[in-house]
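All remarks here apply to the structure that follows.
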Amino acid sequence: MLEKRYDPHQVEEGKYENWKSKGYFTAGDKSKIPYTIVIPPPNVTGKLHIGHAWDTTIQDIIARYKRLQGFDMLYLPGMDHAGIATQAKVMQKLVNNGIDVTKITREEFLKWAWAWKDEYADNIHKQWAKMGISLDYTRERFTLDEGLNYAVRTVFVNLYNKGLIYQGERIINWDPVQQTALSNIEVIHQDDPGKMFYFKYPIVGENDSLIVATTRPETMFGDVCVVVNPNDENLKKYIGKKVINPANGDELPVIGDDYVEIGFGTGAMKCTPAHDPNDFIIGKKYGFPMPIIFNKDATMNEKCGKYCGLDRFECRKVLVEDIKAAGNFVKTEDIVHPVGHSERNNCVVEPMLSKQWFVKMRPLAEQSLKNQDSETKVNFVPERFEKVFTSWMENVEDWCVSRQLWWGHRIPAYYNKKTGEVRVSMDPPEDMENWDQESDVLDTWFSSALWPFSTLGWPNKTEDLDRYFPTDCLVTGYDIIFFWVSRMIFQSLEMTKQRPFKNVVIHGLVRDELGRKMSKSLGNGVDPMDVIEQYGADALRYFLTTNSTPGQDMRYIDEKVQAASNYLNKIWNSARYVLSILPEDFAPKALDKKDFAPLDQWIINRLEETIKNVTANMDKFDFNAASSHLYNFVYDDFCGQYLEMSKVALNSDDTKAKEITNQVLYSVLKNIILLIYPYTPFIAEELYLNIPAHKDSVMLEKYPLYNKELVDESSEGQVNVLFAMIKDVRNYKIENKLAPNAKLELKIKLKINVFDAFETYLKRFTFSDVEFVDEIENSGDINVYNEGSMLIKNEAGKEDLIKKLEKDIESIKSEIIRCEKMLGNPGFVSKAPAEKIELEKNKLEQHKKNLAELETKLSSLK
RNA sequence: GGACACUUAGUUCAGUGGGAGAACGCUUCCUUCACACGGAAGAGGUCAUUGGUUCAAUCCCAAUAGUGUCCACCA
């Protein structure tokens, strides 16, 4: 017997471990059609946040839905080593433990990092379990494990041999805190307040000067020339002359290039090829030297004279003061301009000339774009995100993949100690003593990009790869379309000649109650484990997946989780009630619509309709729409109507009616449990295990299928009359200030013969005394229905009743006017579809009929 | 500078080319034998603004305003 109150903790206790130990999460049934989802591997840097909970719950709903539909469901788990983020955290931990990280070796560090990984992986496993994520742990992978390293090396060597990976000296984004290169998308441009400095660059040998503006005076030590537009009437006379760099007194040539925009700024631009991507292009074009003026930690280096050793921002201050003192300062302006920050630690990124490894993106991007025009395109849900992907691909630049870190896949390149020859190969050269391996590792996203196939054993031709790849569905947030989705697509197409997934379901971000992004600095993050502690995993899951439309952001609102919990309590209690009625020897039988009373038929019609709608929306990944169909069915149809009305049959002497009612109650309850199961597996399992004739787990059941054979709408009209009567009686009692259980004298006449079907219901449920008459007296208070009428003898509240009637008549009159206007419009009659016209005609007729009846009633009342 | 999204009830959000919906909140009533984490009844909206397409626009199109997000090397 179920407890009176749904207690999520009691319900959720032990279920996950049971499922897992029984092997229900394990894929591999060859008799079924495979369906594959790989988890977006969370970083081993910390615990899962509410965004992860959303992401994985969507996946789990799909997984549980597909599994119940009879697919061989593979939901593959794993985690990401998250190079920079993890290395930073482990280093911090070592510092906190008093370890001198400057003396530590690569090997020692990696030992610490692996220990860290184990600890955090353990934590994440526990969180997945709490949330009920049905992952196949027999196939769990880590982006840094042996097999994935093999895949990474294979891809690197392959791309290198095709000329799609190269080593080059280019301007990259330098993170001076982590002291590593970053890719473009790891840099966040934000508008920061800053200053534009204007300096005089005196002309050599003349009493004249050029005014040059810059936001980064400290880079002046790397200036190689000043550029003006050759068509600039005011400035072209300076081309060929030399100017003095006010920072260090160097003589710089003035050159002409139409890259510089006339009229922008002062019209003269200083060129620092080693520290600005545009200047780099110019520097290269004219063959200038490219002096690097920063150390790796972004302090000034020896090229900066007395400023050597100063922090870049400190240098800026001092230098500006010195230029002022020398009389070359013109002015400053306060400006707001975009400044690049490291995505990981928010420090200001420094553009810096550096030798790094790059992936040549153009050919790979072209291939990905071309694939979107084919039948095997990746289907974005919602569709609009495809444009985000394609426009990025169209403009993508080469991808800097080398990182100056330890925690990651070490690049399989080797340098010959004597000749300097570079060799890229799967395995180290045989005479390794003569070679040094590249010390850099690869960008974390390089290995993540291979995730959908590397986890299945690629490049080996494994059974799993053959069976489960390409995967069916990837679920992720729109914020990592560039980082991850795009890269999986091009790597997969290049390496496997197949798309990595058929569908990619994009969701938004979880925001706080005020719509703000959750962040550590605001301290407004919500820990899913706290929510589970308070409301249970099922309520959290239900809330997360039913409160937004696909691709849209969502706010975390505590009351809504509470509402979800109330809904589950509602289902719980209805189940408790149904189970309390079913006889001990109850045995489910196949339903046959010829046994149904009109009410039974009605609820079965509603159920089948619900199954159809839920399934259709599940298939579209629209979980909000799917769940609301079920919600309405549970509250309005099942609990609101059928559960109450069926009490009549249950309390009657009609054993046949009782038996059918029991069968219907059982069937509806079981279907509700199965339909809610993907969302809230714990409570579904608990209820399922309490219904008669259950299997060992709800996970062994079959998902409901729409069954047309059970549907019959011929008695809908009768049921609707009944419901309308009940509603009117309730209204009547309220309007007349009668107690809900007050006895009423009613006279009812129905044109269609539903007396047999409803007499008991009418007597038992809503009314206390029902009197049936053949004719309705044209006096007293009368409520009229399409198929009949109901007479209520009434003395009290006559005035209120008249008021209400008048109000109803007003609104129905305006409806009639609307209909008549429409039907009187020649445009409508000639152009609207025939069925629309028919519909309006019927409406008008109905309204007129209702109006006449209301008016009769009103006049009889008066 | 480009691109995308959003603007609907007090709040958070669904939705549809032809009579405006949910949840929460609010008002009134009810502890009646599944559930007061409940039930019944109800109030509350010129669907941002202005044009256009259409027989018909909250919905499609365009512009405007506001909000948010992403992309972008402009000194």
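Lettering of chains follows the sequences in order, A, B, ..., and the numbering in each one begins at 1. Side chains included, hydrogens not; waters and symmetry mates left out as well; all remaining heavy atoms used.
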For this session: State whether A:Phe280 and A:Arg170 meet the cation-pi test: NZ (Lys) or CZ (Arg) under 6.0 Å from the six-membered ring centroid, and within 45° of the perpendicular axis.
Result: no

Problem set entry | Residues in contact with RNA chain B, drawn from residues 569-581 of chain A - heavy-atom cutoff 4.0 Å | A:Asn569, A:Lys570, A:Asn573, A:Ser574, A:Arg576, A:Tyr577

For this session: Just grab all the salt bridge (charged side-chain N to carboxylate O under 4.0 Å, His left out) pairs involving residues 539-562 of chain A, residues at least two apart or on different chains.
Result: A:Asp60-A:Arg541, A:Arg511-A:Asp553

Exercise. At under 4.0 Å, does any side-chain N or O of A:Lys560 touch on OP1 or OP2 of B:G25?
Worked result: no

Seminar exercise, completed: When rounded to whole Å, the CD1 to P distance for the pair A:Ile188 and B:C71 reads 8 Å

Problem set entry | B:G44 versus B:A22 - spacing of their C1' atoms, nearest Å | 15 Å

Exercise. P atom, B:A9 versus B:U49: distance in rounded Å?
Worked result: 11 Å

Problem set entry | A:Thr549 side-chain N/O to B:A14 phosphate OP1/OP2 under 4.0 Å | yes

Exercise. Is the side chain of A:Asp398 donor-acceptor paired with the backbone N or O of A:Met361 at a distance under 3.5 Å, no angle test?
Worked result: yes

Exercise. Within the side chain of A:Asn524, is there an N or O that forms a donor-acceptor pair under 3.5 Å with the backbone of A:Lys517?
Worked result: yes

For this session: List in chain and number order the residues that pass side chain to side chain contact (heavy atoms under 4.5 Å, CB included) with A:Pro217, two or more places apart in sequence or in another chain; answer none if no residue qualifies.
Result: A:Phe197, A:Phe199, A:Thr214, A:Met220, A:Arg316, A:Leu319, A:Val320

Donor-acceptor contacts under 3.5 Å from residues 479-486 of chain A side chains, at least two apart:
| residue | atom | partner | partner atom | Å |
| --- | --- | --- | --- | --- |
| A:Trp484 | NE1 | A:Ser448 | O | 2.9 |
| A:Ser486 | OG | A:Ile481 | O | 2.8 |

For this session: Respond yes when some side-chain nitrogen or oxygen of A:Lys270 is under 4.0 Å from OP1 or OP2 of B:A75, and no when none is.
Result: no

Exercise. When you check the phosphate oxygens OP1 and OP2 of B:A34, does a side-chain N or O of A:Lys647 lie under 4.0 Å from one of them?
Worked result: yes

Exercise. Should the pair A:Asp257-A:Lys285 be classified as a salt bridge under the 4.0 Å nitrogen-to-oxygen rule?
Worked result: yes

Exercise. For RNA chain B, which consecutive runs of 3 or more Watson-Crick or G-U pairs (each distance under 3.5 Å) count as stems?
Worked result: B:1-7 with B:65-71, B:10-13 with B:21-24, B:26-30 with B:38-42, B:48-52 with B:60-64

For this session: Send over the distance from A:Met269 CE to B:C73 P, rounded to a whole Å.
Result: 15 Å

Exercise. Hey, does A:Tyr642 have a side-chain heavy atom less than 4.5 Å from the side chain of A:Ser574?
Worked result: no

For this session: Go through residues 826-835 of chain A and report each residue with a non-hydrogen atom lying under 4.0 Å from RNA chain B, sorted by number.
Result: A:Gly827, A:Phe828, A:Lys831, A:Ala832, A:Pro833

For this session: Report yes or no: is there a donor-acceptor pair, N or O only, under 3.5 Å between the side chain of A:Asn825 and the base of B:C55?
Result: no

Exercise. Which whole number of Å gives the distance between the P atom of B:G68 and that of B:U8?
Worked result: 15 Å

Problem set entry | Integer-rounded Å distance: B:G39 P and A:Gln641 CD | 13 Å

Exercise. For A:Arg216 and B:C73, what is the distance between atoms CZ and P respectively, to the nearest whole Å?
Worked result: 13 Å

Problem set entry | Rounded C1' spacing from B:G19 to B:C47 in Å | 15 Å

Problem set entry | Pairwise P distance, B:A62 and B:U67 [rounded to whole Å] | 22 Å

For this session: Can you tell me, in whole Å, how much space there is between the C1' of B:C70 and that of B:U27?
Result: 45 Å

For this session: Please check if the distance between the ring centroids of A:Tyr631 and A:Tyr635 is under 6.0 Å.
Result: yes

Problem set entry | Protein-nucleotide distance (A:Tyr542, atom OH; B:C37, atom C1'), rounded to Å | 15 Å

For this session: Rounded to whole angstrom, note down the P distance from B:G10 over to B:C4.
Result: 32 Å

Exercise. What is the distance, rounded to the nearest whole Å, between atom NE2 of A:His189 and atom P of B:C71?
Worked result: 9 Å

Exercise. Is a donor-acceptor pair below 3.5 Å formed from side chain A:Tyr259 to base B:C73, judging by atom type as modelled?
Worked result: yes

For this session: Could you measure between the two P atoms, the one in B:U31 and the one in B:A36, and give it in whole Å?
Result: 14 Å

Exercise. When A:Met269 is tested against each of A:Val228, A:Asp279, A:Val226 for side-chain contact (heavy atoms from CB on, under 4.5 Å), which residue passes?
Worked result: A:Asp279

Exercise. For A:Gln562, which contact category applies under a 4.0 Å heavy-atom criterion: base, sugar-phosphate, or nothing?
Worked result: nothing

Exercise. When you check the phosphate oxygens OP1 and OP2 of B:G18, does a side-chain N or O of A:Arg818 lie under 4.0 Å from one of them?
Worked result: no

For this session: Could you tell me if the ring centre of A:Tyr556 sits under 6.0 Å from that of A:Phe543?
Result: yes

Exercise. Does a salt bridge link A:Glu350 with A:Arg312, judged by any charged N lying under 4.0 Å from a carboxylate O?
Worked result: yes

For this session: Just call it for A:Cys271: base, sugar-phosphate, or nothing, with non-hydrogen atoms closer than 4.0 Å on any strand.
Result: nothing

Exercise. Can a donor-acceptor pair under 3.5 Å be found between the side-chain atoms of A:Arg5 and the base atoms of B:C35?
Worked result: no

Problem set entry | Pair A:Lys813 + A:Glu820: basic N to acidic O under 4.0 Å | no

